[in-house]
Amino acid sequence: MTTAQTQELDVQPTPLALLLLGREADPRSERGVECPGDLPSPSDPDLVERARAAKEKLGDKVFVLGHHYQRDEVIQFADVTGDSFKLARDAAARPEAEYIVFCGVHFMAESADILTSDDQKVVLPDLAAGCSMADMATAEQVAECWDVLTEAGVADQVVPVSYMNSSADIKAFTGKHGGTICTSSNARKALEWAFEQGEKVLFLPDQHLGRNTAVRDMGMTLEDCVLYNPHKPNGGLTPEQLRDAKMILWRGHCSVHGRFSLDSVNDVRERIPGVNVLVHPECRHEVVAAADQVGSTEYIIKALEAAPAGSKWAIGTELNLVRRLANRFAPEGKEIVFLDKTVCFCSTMNRIDLPHLVWTLESLAEGKLVNRIEVDRETEQFAKLALERMLALP
């Protein structure tokens with residue numbers, strides 16, 4: 001990419017972006033290191049049996065969590081499946097499990113470590129399984145943003161609301177500053193609570209979920225929202241814009257859901273007459289506005305479960321899940337397609353494959369603790385405070 005192209009796309013390289021994925025370490029980021037051992041070959045015909053044998057040897061000592069976006073080869077070994085917060089709570093409800101193997105991404109494993117007991121050890125099969133959205137808001141950037149809000153004279157009116165898809169550092173910042181965490185299912189409740197506490201919300205790190213919830217669900221206007229860009233001086237905003245705004249949205253997004261466009265929606269309606277378009281609220285505002293239904297991953301699954309036989313659906317979320325749902329409901333005569341023509345997996349989620357899972361389970365079965373995710377005490381304290389505020393929402 002040329003310098004001119006970089007400037008046109010308003011992309012600024014950061015230290016995180018310069019890390020070679022899986023080759024270097026930054027313990028405060030969503031990046032990791034290589035496995036400290038030899039991975040089995042992906043072509044090993046015994047991988048499934050090896051995973052099964054290691055899991056049986058560990059017995060109740062291990063509890064395997066599988067996020068909905070994981071590969072089928074990994075999901076088959078999950079004790080429970082779900083979204084990130086559900087899985088973290090499931091782990092906390094299994095205190096007898098010494099090892100929590102989280103087949104997801106880094107921030108999810110952090111949340112599990114925060115919610116589980118000190119005796120439980122959370123393991124991520126590949127430390128390089130991160131989240132680009134979570135990486136878009138670092139602790140240093142958010143602290144600088146708070147300084148900007150303070151200088152503009154509005155910080156005392158602002159309540160931070162952070163999406164679950166954020167690092168432990170950002171959750172801790174939220175807890176310290178009187179805010180709460182939200183999921184894609186309860187974002188409206190979290191925002192309603194926040195506006196009872198203050199006049200403005202700083203929504204981190206997904207601009208689309210914040211904008212869609214405020215405008216689509218709560219009746220605000222697009223003019224009530226401003227976009228804070230951490231790569232520009234003062235976030236690219238004037239003090240007047242910050243004083244006038246109700247929603248201060250962080251310039252972050254999901255690399256998967258951000259790919260869907262209005263053209264995707266229009267194209268699928270032309271190709272499949274009568275199709276129902278169902279998308280995740282992390283999608284762009286124009287996509288959400290053009291969809292028939294909008295909801296979290298769990299909402300999408302339940303909507304398809306309740307759908308009548310013969311109905312047609314175009315789903316705007318991660319491809320592993322869409323493909324799994326299409327296979328599941330095909331016998332019921334439900335036609336389910338991916339919203340976009342372009343294949344779009346979550347690349348970092350897909351780093352956790354069967355070789356990584358086998359290596360992890362066999363290492364644990366041999367008494368070797370690998371790839372532990374451990375949040376420091378102070379960060380855990382304030383992050384847990386923010387999570388507890390979410391749990392107390394009506």
Side-chain angles (χ1 to χ4, degrees), residues 19-27 29-44 47-52 54-55 58 62-88 90-91 97 99-113 116 121-135 164-165 167 254-256 297 317-324 343-365 368-374:
L19 285 172
L20 294 174
L21 186 62
R23 297 287 178 177
E24 297 184 31
D26 181 350
S29 81
E30 296 290 320
R31 295 294 180 258
V33 296
E34 290 183 299
C35 293
D38 294 326
L39 284 177
S41 168
S43 61
D44 185 341
L47 282 178
V48 171
E49 184 53 40
R50 287 174 64 179
R52 184 176 294 115
K55 193 165 184 284
L58 286 161
V62 71
F63 191 49
V64 180
L65 309 176
H67 190 272
H68 285 308
Y69 298 167
Q70 283 294 331
R71 306 161 179 256
D72 287 345
E73 66 187 52
V74 170
I75 284 291
Q76 65 179 315
F77 292 104
D79 293 302
V80 292
T81 59
D83 60 20
S84 60
F85 184 57
K86 174 185 179 295
L87 292 175
D90 286 344
Y99 305 117
I100 305 298
V101 176
F102 208 127
C103 298
V105 294
H106 194 273
F107 79 80
M108 300 179 186
E110 285 184 327
S111 296
D113 184 59
T116 52
K121 302 170 184 66
V122 178
V123 173
L124 187 66
D126 185 347
L127 291 180
C131 171
S132 59
M133 180 200 297
D135 277 349
M164 180 63 73
N165 298 26
S167 69
C254 170
S255 57
V256 171
T297 303
T317 193
E318 206 272 345
L319 183 54
N320 271 319
L321 175 61
V322 176
R323 188 169 58 184
R324 191 175 300 124
V343 172
C344 190
F345 294 102
C346 176
S347 59
T348 49
M349 184 82 72
N350 268 262
R351 289 189 67 91
I352 296 184
D353 53 14
L354 196 49
H356 279 87
L357 181 59
V358 168
W359 170 79
T360 300
L361 293 174
E362 289 184 341
S363 296
L364 294 176
K368 294 186 293 187
L369 178 60
V370 295
N371 288 10
R372 183 177 183 181
I373 302 298
E374 194 169 13

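For the single chain, residues carry numbers from 1 onward in sequence order.
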State the CE-OG distance between M133 and S167, to the nearest 0.5 angstrom. 12.5 Å
Heavy-atom side-chain proximity of L364 to V101 below 4.5 angstrom: yes
To the nearest 0.5 Å, tell me how far T297 OG1 sits from H68 NE2. 6.0 Å
Only counting residues at least two apart or in another chain, list the ones meeting ring-ring contact (aromatic ring centres under 6.0 Å, His included) with H67. Y69
Checking the side chain of D126 only, and the main-chain atoms of I352 only, is there a donor and an acceptor separated by less than 3.5 Å? no
Rounded to the nearest 0.5 Å, how far does CE of M108 lie from SG of C103? 11.0 Å
Please name all residues satisfying side chain to side chain donor-acceptor pair (under 3.5 Å) with K86, sequence neighbours left out, ordered by chain then number. D90
For A54 against A365, the heavy-atom pair lying closest together: O-CB, 4.2 Å
Restricting to salt bridge (charged side-chain N to carboxylate O under 4.0 Å, His left out), what partner residues turn up for R323, sequence neighbours left out? none
Tell me, which pairs form a salt bridge (Lys or Arg N to Asp or Glu O under 4.0 Å) where one or both residues lie in residues 73-85, sequence neighbours left out? K55-D79
Any heavy-atom pair between the side chains of L357 and F77 that's under 4.5 Å? yes
Residues two or more places apart in sequence or in another chain: which of them pass side chain to side chain donor-acceptor pair (under 3.5 Å) with R52? E49
Report yes if some heavy atom in the side chain of I373 is under 4.5 Å from a heavy atom in the side chain of V123; otherwise report no. no
One should read off an interatomic distance between E318 CD and C254 SG, to the nearest 0.5 angstrom, of 9.0 Å
Are the side chains of T116 and F63 in contact, using a 4.5 Å heavy-atom criterion? no
For R324 and Q70, indicate whether the former's side chain and the latter's backbone hold a donor-acceptor pair under 3.5 Å. yes
Of the non-hydrogen atoms in F102 and A109, which two are nearest, and what is the gap between them? CD1-CA, 3.9 Å
Spacing of R372 atom CZ and L124 atom CG [to the nearest 0.5 Å]: 13.5 Å
Closest non-hydrogen atoms of V105 and C131, given as atom of the first, atom of the second and distance, are CG2-CB, 4.2 Å
Heavy-atom pair of closest approach, residues S111 and M164: OG-SD, 3.7 Å
Contact summary for A97 and V62, nearest pair of heavy atoms: CB-C, 4.4 Å
Is the shortest heavy-atom distance from the side chain of P125 to the side chain of N371 under 4.5 Å? no
Hey, what do you get for CG (L65) to CD1 (I75), rounding to the nearest 0.5 Å? 10.0 Å
Shortest non-hydrogen pair, P40 vs L47, comes out as CB-CD2, 3.6 Å
Could you tell me which residues satisfy salt bridge (charged side-chain N to carboxylate O under 4.0 Å, His left out) with D353, sequence neighbours excluded, listed by chain and number? none
Less than 4.5 Å apart, any side-chain heavy atom of E362 and any of R50? yes
